[in-house]
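Just below is one structure, and these are the notes that go with it.
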Amino acid sequence: QVQLVESGGGLVQTGGSLRLSCAASGRTFSSYAMGWFRQAPGKEREFVATINWTGNFRKYGDSVKGRFTISRDNAKNTVYLQMNNLNPEDTALYYCAKGAYTGTSSTETGYDIWGQGTQVTVSS
């Protein structure tokens, strides 16, 4: 079964950038949609971005549109999240997830395998 491991989180100042990676092991995920979610303490898990299996369709949450970019490299079994112009409201634990369906989804129920998360902290 697929295992997902996120990396690339850390501490960054307001206006800075980070690039998160999600590496899959156990099997390839080239035929599945992938997504990113985030959760801050005391808040519900929030949809960030999703990408279809070919990489030609992407969807973003309203709070990150124009600042974040999701991409994937199926040959490397890896999905990325480029985060630019970060602000303190972006501080959260970021999770990578594999889609459970053939299409993309902006809800947690649309995904069946989740990573452990990587922490992103944006200071002011």
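Since this is a predicted model, take the numbers as computed values, not measurements.
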Audit row: Y60, T69, side chain to side chain donor-acceptor pair (under 3.5 Å) steps and yes/no | CA-CA 8 Å; Y60 299 92; T69 302; 4.5 Å; no
To check you understand the geometry: which heavy-atom pair defines the closest contact between [X] and [Y], and what is its length?
X	Y	answer
R72	A33	NH1-CA, 4.0 Å
T109	Y101	O-OH, 3.3 Å
E6	G117	OE1-N, 2.8 Å
T14	S124	OG1-CA, 3.5 Å
Q116	L93	O-CD2, 4.1 Å

Under the side-chain hydrogen bond (donor to acceptor under 3.5 Å, both in side chains) test, residues paired with S105 that sit two or more places apart = T107
Would you check if the side chain of [X] reaches a backbone N or O of [Y] as a donor-acceptor pair within less than 3.5 Å?
X	Y	result
T91	V122	yes
Q119	G10	no
N52	N56	yes
R38	A92	no
T78	K76	yes

Taking the side chain as everything from C-beta on, heavy atoms only, tell me whether [X] gets closer than 4.5 Å to [Y].
X	Y	result
R67	D90	yes
T50	W36	no
I70	Y80	no

Please tell me whether [X] and [Y] have a donor and an acceptor in their side chains that are separated by less than 3.5 angstrom.
X	Y	value
N84	S17	yes
S71	R19	no
Y95	T118	no

Should L86 and Q13 be marked as a side chain to side chain contact (heavy atoms under 4.5 Å, CB included) after you check the CA-CA gap, both sets of side-chain angles, and the distance that decides it?
-> CA-CA 8 Å; L86 289 163; Q13 293 183 339; over 6 Å; no
Roughly how far, to the nearest 0.5 Å, is OH of Y32 from CE of M34?
-> 11.0 Å
Are F37 and F47 an aromatic pair by the rule of ring centers under 6.0 Å?
-> yes
